[in-house]
Amino acid sequence: GIKRWDLESGKSTTFLGGKGRWAALAASGDGRRVAAVVGRQDGEFVSVIDAEIVLLDVESGVRRALPTHGARLTHAVALDANGERLVTGDASGAARVGGVTGQEPHLLLGHDGPVTDVAISPDGRWVASASGAEIRLWPVPDVSKPPLHTRPYAALMAKLRALTNLQVVED
């Protein structure tokens with residue numbers, strides 16, 4: 001489980017607990033927020049059954065679930081220095097980057113296996129995701145804008161065309 005200890009009194013407060021549940025943690029650089037992947041472990045591997053992301057406000061003790069990151073999570077979780085952006089990894093090879101307010105996260109696709117680790121650079125400009133012996137670096141998407149996969153088809157195609165310099169011309 002997850003407990004907060006008062007060092008002066010020696011007393012603890014349990015934020016999350018329960019038999020058969022486990023948590024992978026990430027703390028924001030300022031120490032105000034903790035993100036936890038909580039669920040039941042699936043065998044020896046890091047993938048989880050019925051996993052959820054829980055965001056904890058350390059000062060107030062308030063916790064809330066962020067279901068938009070899916071339920072096939074691994075133990076890969078990271079918060080940026082300000083505790084405003086969350087990155088998670090899942091068993092299907094996707095990394096997700098989103099705000100801690102719970103909006104739809106941006107998908108970073110490309111790994112063939114489960115994402116086993118994620119990190120955000122200290123300056124908040126890059127995300128690293130790992131799967132097996134492979135590490136990928138991604139520019140952090142603008143989480144204030146809707147993710148590409150949520151755009152209507154025409155808007156998605158226009159955006160993809162704007163992102164490439166490849167052009168097919170007649171010989």
Side-chain angles (χ1 to χ4, degrees), residues 1-18 21-41 46-111 114-131 135-151:
I2 301 172
K3 291 185 177 191
R4 179 178 66 180
W5 292 87
D6 181 334
L7 297 178
E8 291 179 16
S9 70
K11 294 182 180 180
S12 67
T13 304
T14 301
F15 285 119
L16 293 171
R21 306 221 4 124
W22 66 274
L25 301 174
S28 61
D30 60 11
R32 292 182 307 127
R33 291 190 173 130
V34 173
V37 178
V38 181
R40 294 180 294 123
Q41 189 165 346
V46 294
S47 125
V48 187
I49 301 168
D50 301 329
E52 65 179 341
I53 291 287
V54 177
L55 189 67
L56 304 169
D57 182 305
V58 175
E59 305 258 331
S60 68
V62 173
R63 67 181 186 186
R64 64 184 166 87
L66 297 175
T68 55
H69 283 258
R72 295 198 62 224
L73 299 165
T74 63
H75 68 279
V77 61
L79 279 170
D80 70 352
N82 299 326
E84 299 298 324
R85 289 179 289 193
L86 173 71
V87 181
T88 60
D90 75 16
S92 65
R96 289 177 171 79
V97 181
V100 295
T101 55
Q103 72 270 29
E104 183 74 24
H106 292 255
L107 296 174
L108 305 177
L109 305 171
H111 290 292
V115 175
T116 55
D117 206 358
V118 293
I120 301 176
S121 65
D123 63 5
R125 295 180 54 212
W126 296 94
V127 168
S129 60
S131 176
I135 297 172
R136 292 184 180 251
L137 293 176
W138 316 82
V140 173
D142 184 350
V143 298
S144 68
K145 295 182 179 171
L148 285 176
H149 69 278
T150 63
R151 295 180 184 198

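- Judged by distance alone, with hydrogens and angles left aside, the side-chain atoms of R72 form no donor-acceptor pair with the main-chain N or O of A91 at under 3.5 Å.
- Heavy-atom minimum distance, A81 versus P122: CB-O, 4.4 Å.
- A heavy-atom distance below 4.5 Å is found between the side chains of R33 and E84.
- The minimum heavy-atom distance linking S131 with H111 is given by the pair CB-ND1, 3.4 Å.
- At least one donor-acceptor pair under 3.5 Å links the side chain of R32 to the backbone N or O of N82.
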If you apply the rule side chain to side chain contact (heavy atoms under 4.5 Å, CB included), what do you find for L86 with I53, and how did you get there? CA-CA 10 Å; L86 173 71; I53 291 287; 3.7 Å; yes
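- Although no hydrogens or angles enter the test, the distance criterion places a donor-acceptor pair under 3.5 Å between the side chain of D80 and the main chain of R85.
- Between V140 and G124, the closest heavy-atom pair is CG2-O, 3.4 Å.
- L66 and T101 get closest at one heavy-atom pair: CD2-C, 4.4 Å.
- For the atom pair CH2 (W138) and CD1 (I120), the distance works out to 14.5 Å, reported to the nearest 0.5 Å.
- Between E104 and H149, the side chains place a donor N or O and an acceptor N or O closer than 3.5 Å (distance only, hydrogens not considered).
- The shortest non-hydrogen separation linking S129 to V115 is CB-CG1, 4.2 Å.
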Could you walk me through whether V127 and L137 pass the side chain to side chain contact (heavy atoms under 4.5 Å, CB included) check? CA-CA 6 Å; V127 168; L137 293 176; over 6 Å; no
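- Panel note: side chain H75, backbone V37; no donor-acceptor pair is recorded below 3.5 Å.
- Two residues are said to be in side-chain contact when any heavy atoms from C-beta on lie closer than 4.5 Å; T116 and T74 fail this criterion.
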Does the side chain to side chain contact (heavy atoms under 4.5 Å, CB included) test come out yes or no for V58 and V34, once each step is laid out? CA-CA 7 Å; V58 175; V34 173; 3.7 Å; yes
Could you please spell out the steps behind the side chain to side chain contact (heavy atoms under 4.5 Å, CB included) verdict for L56 and V54? CA-CA 6 Å; L56 304 169; V54 177; 4.0 Å; yes
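- The heavy-atom pair separating A26 from V77 by the smallest distance is CB-O, 3.5 Å.
- Using a distance-only test at 3.5 Å, with no hydrogens or angles considered, a donor-acceptor pair links the side chain of H106 to the main chain of K145.
- No side-chain donor-acceptor contact under 3.5 Å links T68 to the backbone of P105.
- Panel note: side chain S121, backbone W126; a donor-acceptor pair is recorded below 3.5 Å.
- Take S28 and apply the side chain to side chain donor-acceptor pair (under 3.5 Å) test, not counting sequence neighbours, and it matches D30.
- Residues satisfying the salt bridge (Lys or Arg N to Asp or Glu O under 4.0 Å) criterion with D90, sequence neighbours excluded, are R96.
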